[in-house]
Amino acid sequence: MSERIEEALDRYIDCLVRGERPDVVAPDDGDLASLLGPLMQTSALVVHQLHSIQPTPDFRQSARMRTRSLFFAKLARRETHPGFLFMWWQRRWATAMATVMVACLASLGVVAASVNALPSGFFYPVKTTTEQMRLSLTVSEIDRAQLQLEYTERRLSEMTRMAGRGDTESALMLAAEATRLIAQMCTAGLFGLEGAQADAAILMSGSGASALGLAPAVVLTADRDSSLELLHYALEVAPEELRPRIELLVTELSREFDTTIAHLEMATTSR
Amino acid sequence: MTPIEEDIVARAARGDADAFAQLYESNFDRVYRYLYVRLGNPTEAEDLTQEVFAKVLEVIGTFQWRNVPFASWLFRIAHNKMIDHIRREKRVERVDSEETVLSLDDPDPAEIAEHNLQLEKVRHNIGRLSPAQREVIWLRFGAGLSTTEVANALGKSTGTVKALQYNGIVALRKLMEQAG
């Protein structure tokens, strides 16, 4: 009897906590039902009272942001330390492949044609591959930083253009990529910011952001703030010849993000 | 643990944002609720909820299968965080809360006050149960875990959990009747 009553009560509570209709577990046995009735009533009251406790919307939002930050920070830290041998091999391999590719593509004039390509365009992969190749082949740290700044400007401009076309997902990806480039620059020996890539790469991936249900404007605002924070750090430690370019990027970055956010908000309002 | 859940946890451990988001979204409210009912303070519950998910992120790669449900593992972390917090604060677990912030659809202050009063009565009475009964009730009713998940979280058999749950509800009913 006691096992039956425990079992019946457990099934009833299961239904309650899952938010299902609990009458499906009402026992046929009259004695059991009379014993269970008051206990079911108490259980229902407890579930009703405790389940009314909900996190506030503000807390929910800020906790999502923080967890998302931590998640991507962890991911970036893992990607930043793949091991010396792997990095050496990867870099050699990438350089060789890129050299072959660019020689082929340059002879066809594709590289020049890809300069203004957007992520939705056919030649966009050529553009990004060429950029990667140039970065791989650049030995001087100052030159590498110059390239990273140049590519960041490109990503920002592409981000605004894609947002202008209403392509939120691409705009978020480009914002993340711009931030990643800045972080990559800051973690190089020239700037020596430890863990900067990790902190900034939290902003990567529009899919991660959407997965946590954050509004695009919230994600972009966080991307912008973190990117600016990194650039301000870079300004403090950058060699003299890089400073004007970084200062210019600070201004451009704020403007491009503001324009992008405005585009996306306008698109949301008009829907 | 179902194969689907196992797959989600494995993907989250490998850095899949969507998988982690799924785990986060399906557990966030109940972790908060569990900590709130245990501590009786929304601010502390908020802080600890964030700490719990930070810890999950840190150690999700070490999660061992062996048929232990993810929720059991998660609530062990939540429980340990809460115990650490209580020790750190050098205080006893609160039975009465000073402040109750509830997101209710109806903003009528009188109804909210009445609801808060009822909630506090329930919390207070659960706090008077035996430690084992109390823990089962918090996890089962507050966090919404299944009997199997509670059993795994507490290292007890499902039969013991069902018995503790039954006796806990019987005792709770008596306490509530006495309180009127």
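Letters go in sequence order (proteins before strands), and every chain restarts at 1. Quantities reported herein were computed from a predicted structural model and do not represent experimental measurements.
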Do [X] and [Y] have side chains that get closer than 4.5 Å, going by heavy atoms?
X	Y	answer
B:Gln165	A:Glu6	no
A:Leu9	B:Lys162	no
A:Gln49	B:Lys121	no
B:Asp29	A:Pro55	yes
B:Met176	A:Leu45	yes

Straight-line distance of [X] [atom1] to [Y] [atom2], nearest 0.5 Å:
X	Y	atom1	atom2	value
A:His48	B:Leu119	NE2	CG	10.0 Å
A:Asp10	B:Ser146	CG	OG	9.0 Å
A:Ile13	B:Tyr166	CD1	OH	11.5 Å

Q. Would B:Glu25 and A:Arg64 satisfy side-chain contact (heavy atoms from CB on, under 4.5 Å), going step by step from the backbone distance to the final call?
A. CA-CA 9 Å; B:Glu25 292 297 339; A:Arg64 268 193 194 128; 2.8 Å; yes
Is [X] close to chain A through its backbone or its side chain, or both, or neither, when contacts mean heavy atoms under 4.5 Å?
X	answer
B:Arg140	both
B:Phe141	both
B:Val170	both

Q) Is a donor on one side and an acceptor on the other found under 3.5 Å between the side chain of B:Arg173 and the backbone of A:Pro38? A) yes
Q: Using the side-chain contact (heavy atoms from CB on, under 4.5 Å) rule, take A:Phe59 and B:Thr49 through it: C-alpha gap first, then chi angles, then the decisive distance, then the call.
A: CA-CA 10 Å; A:Phe59 168 59; B:Thr49 303; 4.0 Å; yes
Q.
So for atom CD, which belongs to A:Glu229, do other residues, nucleotides or ligands contribute more than 12 heavy atoms lying within a distance under 6.0 Å?
A. no
Q. Measuring heavy-atom distances to chain B, does A:Arg60 have an atom under 4.5 Å in its side chain, in its backbone, in both, or in neither?
A. both
Q) After noting the C-alpha distance and the side-chain angles of B:Phe20 and A:Thr67, does the key distance pass the side-chain contact (heavy atoms from CB on, under 4.5 Å) rule? A) CA-CA 10 Å; B:Phe20 188 79; A:Thr67 308; 3.6 Å; yes
Q | Verdict with supporting geometry, A:Leu50 and B:Tyr36, side-chain contact (heavy atoms from CB on, under 4.5 Å) | A | CA-CA 9 Å; A:Leu50 298 188; B:Tyr36 178 96; over 6 Å; no
